[in-house]
Amino acid sequence: MEVGIKVTVQDTLANIEKLVSVAYATYVAKPVGAGKIELKPVKLLSRQDHLEHSLATERRRIRLDYEQVFQNLMQESDKEDGYCDTLKEEDAVSTDLTHVQSIELVLPPHANHHENAFGGQIMAWMETVASISASRLCRSYPILKSVDMFKFRGPSIVGDRLVFNAIVNNTFQNSVEVGVRVEAYNCEEWIKDQARHINSAFLIFNAVNDKGELLAFPRVKPTTKDGVRRYHGAIARRRIRLARKYILSAKEDEPSDPWKRSNQVYLSYSNIATLTHLAAKPGWEITSTLDDIKIWTHEEGDVLSFKVEMQVKIPSDLAFSLLSDFTRRQQWDKYYLTCEVLQAVNEDEKIYYVTSPSMTGYKPKDFVVLVSRRQPCQPSEPYIVAVKSVTLTSMPPSSEYCRSEILCAGFQIYSDSSSSCTVCYFNQVTLDVLPHLAANLTGSSKSIEDTALACIKFLELEGKKY
């Protein structure tokens, strides 16, 4: 199960609340005996519950895919020329000089009623030994910035000796990564020197001077084969962290993200999460109704979005299959001239190249888009097909077309019965879409309704073939 944790600080006199940190912890239920414990599904009572449940599913996909992404980057990390430069630097500090070891005895106050050591206590000990390791590279007290890949691999109980080994893996100008490994021994294991590996984590620190300015860390150089592995591993993890930070906090003035190995998982997450958040926003206002079609708009500051709701007489899973195959989009959408698959990343993620006709005498437009699709985890949840623009180095802009962007678009498909469904199309308006929406809102055009009718007709005709 996933548990979300949000820490805030409140100043009641100034009526200010500051966010300290946000974390998501994953727990497993401890079985009694050999069998696994089946957890009951959570009850989703509100729109916010459905939103958080959907995002938790995406975060689980990230966790499951992390190891493969990391291994792919490790294969590339030996090409980083920074490592070769470090070996040539005479003033680079050996990582061996940053090794710190600490031993703690688990006592009753450190454990719960099952006599298992508190996870928070182990984390505190890990932070202490890691900060000592990092402090050997700076003349200041290191400040913990983030924790990467903290895993509890096994329990420790009252009476265990815990051995903490910390060492700097790599430095990156204003930050340093410290790896910490925790091994546990009971009395018999201590005598036989048989350790249990119970925890590992990578802690990232900054250091600041008296003025609050970030301090630079010296370069480090590994001296062993394992040190080289950890050195490259730190580079790979940093690339993943930067990709995650950039994508999950991306601003609207930078709509098109580069598609690279280091950020593929997070781009997919961002694609689904952005559409899910847009659909869940309160304040949608209906602007047009035509038979089985409703058009809604949503304003938030300078951001305008619209939603088209369609009632379709085919099963929801079939509508999902047809709408997620963008090579068939031009069969019902006149604004799609051509559509070809550039990359079939996996069953649920594909990158398409799309061309659109010329509007008002300008060049025709083209798009490079990521299409992410998800099936519902529960019957009450929708099928999702999310779309956003990405940048591919293999498909640069052409002089023949005007490269356009899709910030956030896609479908949510809800099952109404075994033979009908509600299809909702969402689009965060860009300059390319604004003329169509404006014409519809003023009544001078019915292009959105016409496209929706064509979509319904296409789905229902295809539905008769199954």
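No hydrogens, no waters, no symmetry mates; every other heavy atom, side chains included, goes into these values. One-based numbering along the sequence shown.
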| Has the side chain of S135 got a donor or acceptor atom that lies under 3.5 Å from a matching backbone atom of I132? | yes
| query | Are any side-chain N or O atoms of H99 and backbone N or O atoms of S133, one a donor and one an acceptor, separated by less than 3.5 Å? | reply | no
| request: Taking S270 for its side chain and Y266 for its backbone only, find out whether a donor-acceptor pair lies under 3.5 Å. | output: no
| request: Could you tell me how the ring of W125 sits relative to the ring of H110: parallel (under 30°), tilted (30 to 60°) or perpendicular (over 60°)? | output: perpendicular
| Taking every non-hydrogen atom, the tightest pair across A201 and V147 | CB-CG1, 4.3 Å
| request: Indicate whether the side chain of N169 and that of E177 have a donor and an acceptor atom separated by less than 3.5 Å. | output: yes
| task | Indicate whether any N or O donor in one side chain lies under 3.5 Å from an N or O acceptor in the other, for S372 and E349. | result | yes
| is_close_aromatic(W284, F306), centroid dist under 6.0 Å | no
| query | Closest approach of F118 and P109, non-hydrogen atoms and distance? | reply | CE1-O, 3.9 Å
| query | So, E300 and K281, do they make that salt bridge, N to O below 4.0 Å? | reply | yes
| task | Run the numbers on Y425 and N427 for side-chain hydrogen bond (donor to acceptor under 3.5 Å, both in side chains), then give the verdict. | result | CA-CA 7 Å; Y425 173 74; N427 194 305; 2.9 Å; yes
| query | Do the non-hydrogen side-chain atoms of V369 and Y353 ever get within less than 4.5 Å of each other? | reply | no
| task | Please confirm whether the backbone N or O of P155 pairs with a side-chain atom of R196, one donor and one acceptor, at under 3.5 Å? | result | yes
| remark: The reported gap from OG in S156 to CD in E115 (rounded to nearest 0.5 angstrom) is 11.5 Å
| said: Does R329 qualify as a cation-pi partner of Y336, given the criterion of NZ or CZ under 6.0 Å from the six-membered ring centre and within 45 degrees of its axis? | reply: yes
| task | Could you tell me which non-hydrogen atom of S324 sits nearest to which non-hydrogen atom of V385, and how far apart they are? | result | CB-CG2, 3.8 Å
| query | Is there side-chain contact between K18 and Q10, with at least one heavy-atom pair below 4.5 Å? | reply | no
| Side chains of D366 and S404: closer than 4.5 Å at any heavy-atom pair? | no
| message | Can a side-chain donor-acceptor contact be found between Y185 and D160 if the only test is distance below 3.5 angstrom? | response | no
| On the ring face of F202, is R237 found with NZ or CZ under 6.0 Å from the centre and within 45° of the axis? | yes
| said: Is it the case that the side chain of S415 and the backbone of S316 share a donor-acceptor pair, with hydrogens and angles ignored and the cut-off at 3.5 Å? | reply: no
| query | Does CZ in R136 sit with more than 12 non-hydrogen atoms of other residues, nucleotides or ligands closer than 6.0 Å? | reply | yes
| field | Under 3.5 Å: donor-acceptor pair, side chain of S356, backbone of Y335 | value | yes
| field | V308 and I293: CA distance, side-chain angles, deciding distance, side-chain contact (heavy atoms from CB on, under 4.5 Å) verdict | value | CA-CA 7 Å; V308 182; I293 301 170; 3.9 Å; yes
| request: Decide yes or no on side-chain contact (heavy atoms from CB on, under 4.5 Å) for Y24 and V3, but give the supporting numbers first. | output: CA-CA 6 Å; Y24 300 97; V3 178; over 6 Å; no
| query | Is the backbone of V208 close enough, under 3.5 Å, to the side chain of S140 for a donor and an acceptor to pair up by distance? | reply | yes
| query | Can you name the closest pair of heavy atoms from H197 and V182 and give their distance? | reply | CD2-O, 3.5 Å
| request: Check the pair N206 / S175 against side-chain hydrogen bond (donor to acceptor under 3.5 Å, both in side chains), numbers first and verdict last. | output: CA-CA 5 Å; N206 294 135; S175 66; 4.9 Å; no
| field | Donor-acceptor contact present, side-chain H277 to main-chain A279, <3.5 Å | value | no
| note | Given the options V176, L137, T98, V220 meets side chain to side chain contact (heavy atoms under 4.5 Å, CB included) only with L137
| field | Verdict with supporting geometry, S131 and V129, side-chain contact (heavy atoms from CB on, under 4.5 Å) | value | CA-CA 6 Å; S131 65; V129 70; over 6 Å; no
| request: Give, for atom CD of Q412 and atom CZ of R374, the distance between the pair rounded to the nearest 0.5 Å. | output: 13.0 Å
| message | Please report the interatomic distance CD1(I295) to CD(E285), rounded to the nearest 0.5 Å. | response | 14.5 Å
| said: Nearest 0.5 angstrom please: Y27 OH to L39 CG, how far? | reply: 13.5 Å
| message | D96: which residues meet the side-chain hydrogen bond (donor to acceptor under 3.5 Å, both in side chains) condition with it, sequence neighbours left out? | response | T223
| said: One pair to check against side-chain hydrogen bond (donor to acceptor under 3.5 Å, both in side chains): T422 and E309. What are the steps and the verdict? | reply: CA-CA 7 Å; T422 299; E309 182 181 303; 5.6 Å; no
| message | With heavy-atom distances below 4.5 Å as the criterion, would you say the side chains of F367 and I406 are in contact? | response | yes
| message | On a heavy-atom basis, which atom in N271 and which in L370 lie closest, and how many Å separate them? | response | ND2-O, 3.3 Å
| Non-hydrogen atoms of P41 and Q378 that approach each other most closely | CB-NE2, 4.1 Å
| I122 side chain reached by L162 side chain, heavy atoms, under 4.5 Å | yes
| field | Side chain D292, main chain M310, donor-acceptor under 3.5 Å | value | no
| request: Count the heavy atoms belonging to other residues, nucleotides or ligands that lie under 6.0 Å from NZ of K294, then report whether that count exceeds 12. | output: no
| message | If you define the side chain from C-beta out and look only at heavy atoms, does anything of V28 sit under 4.5 Å from I37? | response | no
| query | So, H53 versus E381: side-chain donor-acceptor pair below 3.5 Å or not? | reply | yes
| request: Would you sort out whether F411 and V387 count as a side-chain contact (heavy atoms from CB on, under 4.5 Å), showing the intermediate values? | output: CA-CA 9 Å; F411 300 91; V387 187; 5.9 Å; no
| said: Is any side-chain heavy atom of S305 closer than 4.5 Å to one of F426? | reply: no
| field | Rounded distance (nearest 0.5 Å) linking atom OH of Y414 with atom CD of Q311 | value | 12.5 Å
| Pairwise distance CG(L304) to CD(Q428) - rounded to 0.5 angstrom | 9.0 Å
| Test applied, side chain to side chain contact (heavy atoms under 4.5 Å, CB included); reference residue, D11; option that passes from N15, V9, L13 | L13
| query | Would you call Y231 and T95 a side-chain contact if the rule is heavy atoms closer than 4.5 Å? | reply | no
| task | Taking S420 for its side chain and D416 for its backbone only, find out whether a donor-acceptor pair lies under 3.5 Å. | result | no
